[in-house]
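Read through the structure below, which is laid out as structure tokens, and then see the notes.
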Amino acid sequence: MERDLEQLNCALNSVKTLRSNVRRVFESVSNGLRADHGDEGKENKFILELQELLTTVNNNLRDVENSVSNLTPPPGAFSLGNTAYLSQETTQERQALYGQLVNSYKWTDKIREYSALAGNILATNSFNKTYKTFSTTKRRKTQSSNHNVSPEVIENLITSIDRLFPDVTITTNRPFVPNPVIQASLGRVLKAIIAFKGLMIEWVVVKAHAESNDLWTESRYKVFRKVTENCHAAMCHFHSPMMPELAVRSFMHWFHSYNTLFSAPCKRCGNHLHANLPPTWRDLRTLEPYHEECK
């Protein structure tokens with residue numbers, strides 16, 4: 001494999017040198033007779049110069065042919081059926097379509113290969129757990145999943161959170177039933193897009209009000225990107241599989257403390273700004289504001 005790469009690099013360098021010298025030939029022909037040729041015999045000097053350039057190009061072409069002959073030919077023709085005719089288009093807009101289709105085909109082929117490998121790995125590592133009972137009189141209680149819950153339970157949880165924080169505006173969207181995506185707005189300070197997986201918080205993105213509600217695009221402002229990172233840390237901290245509703249309420253109570261993001265000073269240094277940023281961290285117990293360097 002390394003030998004093939006070396007031969008390919010050698011062939012590409014030969015082609016690059018050939019193109020450079022061919023360009024010098026055309027530049028010499030386009031410039032014609034120059035002042036540095038002198039007054040006497042300038043036609044002969046120009047012809048000699050052109051002959052030297054053509055000789056160099058001939059040698060470079062021979063090097064390209066030798067380098068290409070040493071390359072290992074591909075096992076078969078790489079064709080995408082009738083789409084190969086796109087490369088014969090005369091318009092500039094359609095000539096690039098074939099190259100894009102080839103790249104897309106290679107990308108999807110790699111995705112298919114990696115997906116098959118991932119499927120084999122996951123199949124050999126089963127996540128199913130078997131619970132054995134060693135007593136005939138007592139049976140282990142069936143463990144309920146926090147992912148598969150009815151939409152009414154999730155709706156009641158969101159309604160209770162909305163009542164718990166009157167100054168937080170919550171808007172619910174359900175692109176993937178029954179898992180909702182809510183938008184929690186803290187006045188005019190910020191908004192958070194929170195994705196649920198059952199009764200568990202799966203993803204949080206904090207943005208400004210003027211930004212889009214896209215869940216997979218981070219904010220263009222550094223302060224809200226810092227708050228998003230802290231929300232991910234708090235989401236993991238408050239996570240509780242045994243008490244999911246309490247975990248969500250605790251996270252929302254912690255998130256509600258960001259209503260003073262731009263008004264409360266840091267509890268350690270007493271400044272509102274440090275490195276041009278307000279206190280973007282809230283203590284997980286006391287909810288006091290701190291800078292990233294002061295926590």
Side-chain angles (χ1 to χ4, degrees), residues 145-151 153-264 266 275 277-295:
S145 174
N146 297 324
H147 301 285
N148 300 322
V149 294
S150 60
V153 176
I154 305 176
E155 192 67 29
N156 293 334
L157 175 61
I158 297 176
T159 304
S160 63
I161 293 174
D162 194 10
R163 294 175 180 175
L164 185 62
F165 305 103
D167 56 341
V168 179
T169 304
I170 296 180
T171 306
T172 307
N173 185 19
R174 294 182 179 272
F176 306 103
V177 180
N179 300 317
V181 177
I182 68 172
Q183 175 182 329
S185 301
L186 290 179
R188 295 184 298 176
V189 180
L190 53 84
K191 67 178 179 181
I193 299 93
I194 304 174
F196 282 84
K197 182 69 173 179
L199 291 176
M200 301 172 60
I201 298 177
E202 189 175 25
W203 193 253
V204 181
V205 177
V206 179
K207 296 183 179 182
H209 284 283
E211 296 182 291
S212 64
N213 295 332
D214 186 7
L215 188 63
W216 310 113
T217 304
E218 62 180 6
S219 175
R220 64 176 181 269
Y221 301 105
K222 185 177 180 179
V223 58
F224 295 128
R225 293 199 298 267
K226 285 290 185 181
V227 175
T228 300
E229 294 177 2
N230 296 332
C231 286
H232 292 166
M235 176 182 67
C236 298
H237 174 78
F238 292 114
H239 173 69
S240 177
M242 302 304 297
M243 295 180 290
E245 296 185 4
L246 178 61
V248 175
R249 289 192 180 93
S250 300
F251 174 81
M252 293 303 299
H253 185 68
W254 174 85
F255 174 75
H256 180 262
S257 63
Y258 277 100
N259 58 352
T260 59
L261 175 63
F262 299 106
S263 60
C266 177
L277 287 177
T280 55
W281 172 254
R282 294 297 184 271
D283 189 86
L284 297 172
R285 292 188 177 183
T286 63
L287 306 181
E288 294 180 344
Y290 292 93
H291 292 114
E292 295 291 333
E293 296 80 8
C294 299
K295 63 181 180 179

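Numbering of residues begins at 1 and proceeds along the displayed sequence.
- Taking 4.5 Å as the limit, every side-chain heavy atom of W203 sits out of range of all side-chain heavy atoms of K197.
- Ring planes of W254 and F238: tilted class, angle from 30 to 60°.
- Between K226 and E292 no salt bridge is recorded (no basic side-chain N to carboxylate O distance below 4.0 Å).
- Looking at heavy atoms from C-beta onward, E229 lies out of side-chain contact with T280 at the 4.5 angstrom threshold.
- Listed here is the closest heavy atom pair of A184 and V168: CB-CG1, 4.0 Å.
- Taking the side chain as every heavy atom from C-beta outward, I158 and I182 approach each other to under 4.5 Å.
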Should S160 and E245 be marked as a side chain to side chain contact (heavy atoms under 4.5 Å, CB included) after you check the CA-CA gap, both sets of side-chain angles, and the distance that decides it?
CA-CA 10 Å; S160 63; E245 296 185 4; over 6 Å; no
I'd like to know whether F196 forms a side chain to side chain contact (heavy atoms under 4.5 Å, CB included) with I194, so could you lay out the CA-CA distance, the side-chain angles of the two residues, the decisive distance to 0.1 Å, and finally the verdict.
CA-CA 7 Å; F196 282 84; I194 304 174; 3.9 Å; yes
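- When all heavy atoms of H232 and V204 are compared, the pair lying nearest together is NE2-O, 2.7 Å.
- Summarising the geometry, atom NE2 belonging to H256 is positioned 12.5 Å from atom CD1 belonging to I161; distances are rounded to the nearest 0.5 Å.
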When you look at L261 and L186, which way does the side chain to side chain contact (heavy atoms under 4.5 Å, CB included) test go after all the steps?
CA-CA 10 Å; L261 175 63; L186 290 179; over 6 Å; no
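- To the nearest 0.5 Å, the span separating CZ on R225 from CG on N230 amounts to 13.0 Å.
- Shown here is H209, whose NE2 atom has more than 12 heavy atoms of other residues, nucleotides or ligands within 6.0 Å.
- For the pair R282 and Y258, the cation-pi criterion (under 6.0 Å, within 45° of the ring axis) is fulfilled.
- Put simply, the side chain of N179 gets close to the backbone of G198: a donor and an acceptor are under 3.5 Å apart.
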Determine whether K295 and E288 satisfy the following criterion, salt bridge (charged side-chain N to carboxylate O under 4.0 Å, His left out), listing intermediate values before the conclusion.
CA-CA 10 Å; K295 63 181 180 179; E288 294 180 344; over 6 Å; no
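- Between P180 and E155, the closest side-chain pair of non-hydrogen atoms is not below 4.5 Å.
- Expressed to the nearest 0.5 Å, how far CD1 of I154 lies from CG of L157 amounts to 8.0 Å.
- When all heavy atoms of F255 and C231 are compared, the pair lying nearest together is CD1-SG, 4.1 Å.
- A 4.5 Å side-chain heavy-atom check between F262 and P278 finds at least one atom pair inside the cut-off.
- Residues M252 and L164 form no side-chain contact, since every pair of their non-hydrogen atoms from C-beta on lies 4.5 Å or further apart.
- Contact check for H237 versus F251: no side-chain heavy atoms found under the 4.5 Å cut-off.
- Using a 4.5 Å heavy-atom cutoff, the side chains of K207 and F224 are not in contact.
- Taking both residues in full, the closest heavy atoms of H239 and M200 are given as CE1-CE, 2.6 Å, listed atom of the first, atom of the second, then distance.
- In this structure, the separation between OG on S250 and CZ on R285 is 12.0 Å, given to the nearest 0.5 Å.
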Side chain to side chain donor-acceptor pair (under 3.5 Å) between N213 and Q183, intermediate numbers included
CA-CA 8 Å; N213 295 332; Q183 175 182 329; 3.2 Å; yes
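- Taking both residues in full, the closest heavy atoms of V206 and S219 are given as O-CB, 3.6 Å, listed atom of the first, atom of the second, then distance.
- Across all their heavy atoms, A264 and P289 have their closest contact at CB-CG, 3.9 Å.
- A distance of 8.5 Å separates CG in D167 from CZ in F165, rounded to the nearest 0.5 Å.
- The backbone N or O of S263 lies less than 3.5 Å from no partner atom in the side chain of T260, so there is not a single donor-acceptor pair.
- Atoms OG and CD1, on S185 and I193 in that order, are 8.0 Å from each other to the nearest 0.5 Å.
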